[in-house]
Amino acid sequence: TGSSDEIAELCRRLDSLPLAVELAAARVKALSPAQILERLSQRLDLLKGGRDAEARHQTLRATIAWSYDLLSEEEQRLFARLAVFSGGCTLEAAEEVADADLDTLQSLVDKSLLRHTEERFWMLETIREYATGRLEASGETADLHRRHAEHFLALAEEAEPNLRGSPKEWLDRLEAEHDNLRAAFDRLETSG
């Protein structure tokens, strides 16, 4: 634990942005507030002088980048790959499309870079934007988009015969995957 002055200074440096504070707080198991502030300072010092809204956006981006840089190589790879999902995903989809394993998913949740609610893993949109950039830099984008499209095409094909009779379970499942299905079909249409 750090002094209240260190914590106050850290919040001030993070412009009291809730997501930035949460990402920094996720590190208190391994770093003191003073150490977090020291490690973030180099990134944040580069951002001085911007307009208010832009500076706040850059502060948040710098905090996300700092959190990303502290991840293991395996965590970084999975973090980037999960950006392929629109509206989150189930464990099964993460395993099949992104080669996820449960321990790494849990680690990303613990570090506040991934959320888990109602049996779905998902990212806040600001974090997903950063992850998308990391995915594009990895060179895996085309392969991940193909795997994503194939997974959700298979889901739609499996659902089709089950939509007769009492389809509530399947309609609920398809509704939860609405954004992923739309993204998959858009990609399939674009690729012909």
S.K.: Closest approach of Ala24 and Trp66, non-hydrogen atoms and distance?
M.R.: CA-CZ3, 4.1 Å
S.K.: Looking only at non-hydrogen atoms, find the nearest pair between Thr126 and Ile64 and report the distance.
M.R.: CG2-CD1, 3.7 Å
S.K.: Which heavy-atom pair separates Arg13 from Thr59 by the least distance, and what is that distance?
M.R.: O-CG2, 3.7 Å
S.K.: In Å, rounded to the nearest 0.5 Å, how long is the span from CZ of Arg187 to CG of Leu153?
M.R.: 13.0 Å
S.K.: Run the salt-bridge test on Arg173 and Glu169 with the 4.0 Å N-O cut-off and return the result as yes or no.
M.R.: no
S.K.: Of all residues at least two apart in sequence or in a different chain, which pass the side chain to side chain donor-acceptor pair (under 3.5 Å) check with Arg147?
M.R.: Asp99
S.K.: Between atom CG of Leu14 and atom CG of Leu60, what is the distance when rounded to the nearest 0.5 Å?
M.R.: 9.5 Å
S.K.: Is there a donor-acceptor pair under 3.5 Å between the side chain of Asn162 and the backbone N or O of Pro167?
M.R.: no
S.K.: Asn180 versus Val84: any side-chain heavy-atom pair under 4.5 Å?
M.R.: no
S.K.: Residues in side chain to side chain donor-acceptor pair (under 3.5 Å) with Asp101, at least two apart?
M.R.: Thr104
S.K.: According to the salt bridge (Lys or Arg N to Asp or Glu O under 4.0 Å) rule, which pairs have a member within residues 70-79, sequence neighbours left out?
M.R.: Glu73-Arg77, Glu75-Lys111
S.K.: Measure across Ala149 and Ala184 and return the closest heavy-atom pair with its distance rounded to 0.1 Å.
M.R.: CA-CB, 3.7 Å
S.K.: Are Leu82 and Leu105 close enough that some pair of their side-chain heavy atoms sits under 4.5 Å apart?
M.R.: yes
S.K.: What distance separates Trp122 CH2 from Leu114 CG, expressed to the nearest 0.5 Å?
M.R.: 9.0 Å
S.K.: Can you list every pair that meets ring pair (Phe, Tyr, Trp, His ring centres under 6.0 Å) and has a residue in residues 70-97, with sequence neighbours left out?
M.R.: Tyr68-Phe79, Phe85-His148
S.K.: Check the surroundings of atom CD in Glu125: do more than 12 heavy atoms from other residues, nucleotides or ligands lie under 6.0 Å from it?
M.R.: yes
S.K.: Nearest 0.5 angstrom please: Ser138 OG to Leu144 CG, how far?
M.R.: 7.0 Å
S.K.: Tell me, do Val21 and Leu10 make a side-chain contact under 4.5 Å, heavy atoms counted?
M.R.: no
S.K.: Can you list the residues that meet the side-chain contact (heavy atoms from CB on, under 4.5 Å) rule with Glu96, with sequence neighbours excluded?
M.R.: His151
S.K.: Show the numbers, then the answer: is there a side-chain contact (heavy atoms from CB on, under 4.5 Å) between Thr141 and Thr132?
M.R.: CA-CA 9 Å; Thr141 305; Thr132 298; over 6 Å; no
S.K.: Does any pair with a residue in residues 152-161 pass salt bridge (Lys or Arg N to Asp or Glu O under 4.0 Å), and if so which ones, sequence neighbours excluded?
M.R.: Glu160-Arg164
S.K.: State which residues pass salt bridge (charged side-chain N to carboxylate O under 4.0 Å, His left out) with Asp172; sequence neighbours excluded, sorted by chain then number.
M.R.: Lys168
S.K.: About how many Å separate CG of Leu71 and OG of Ser107, when rounded to the nearest 0.5 Å?
M.R.: 7.0 Å
S.K.: Could you tell me which non-hydrogen atom of Leu23 sits nearest to which non-hydrogen atom of Ser67, and how far apart they are?
M.R.: CB-OG, 3.6 Å
S.K.: Can you sort out the partners of His178 under side-chain contact (heavy atoms from CB on, under 4.5 Å), two or more places apart, ordered by chain and number?
M.R.: Arg182
S.K.: Would the distance check show the side chain of Gln35 and the main-chain N or O of Ser32 forming a donor-acceptor pair, the cut-off being under 3.5 Å?
M.R.: yes
S.K.: Tell me, which pairs form a salt bridge (Lys or Arg N to Asp or Glu O under 4.0 Å) where one or both residues lie in residues 114-123, sequence neighbours left out?
M.R.: Glu22-Arg115, Arg120-Glu177
S.K.: Please, which pairs that meet side chain to side chain donor-acceptor pair (under 3.5 Å) have at least one residue in residues 78-94, sequence neighbours excluded?
M.R.: Arg81-Glu140, Ser86-Arg128
S.K.: Which residues pass the side chain to side chain donor-acceptor pair (under 3.5 Å) test with Glu9, sequence neighbours left out?
M.R.: Arg12
S.K.: Looking at residues at least two apart in the chain, or sitting in another chain, which of them share a side chain to side chain donor-acceptor pair (under 3.5 Å) with Thr190?
M.R.: none
S.K.: Roughly how far apart are Leu181 CG and Asp186 CG, rounded to 0.5 Å?
M.R.: 11.0 Å
S.K.: Looking at Ser112 and Ile127, what are the two nearest heavy atoms and their distance?
M.R.: O-CD1, 3.7 Å
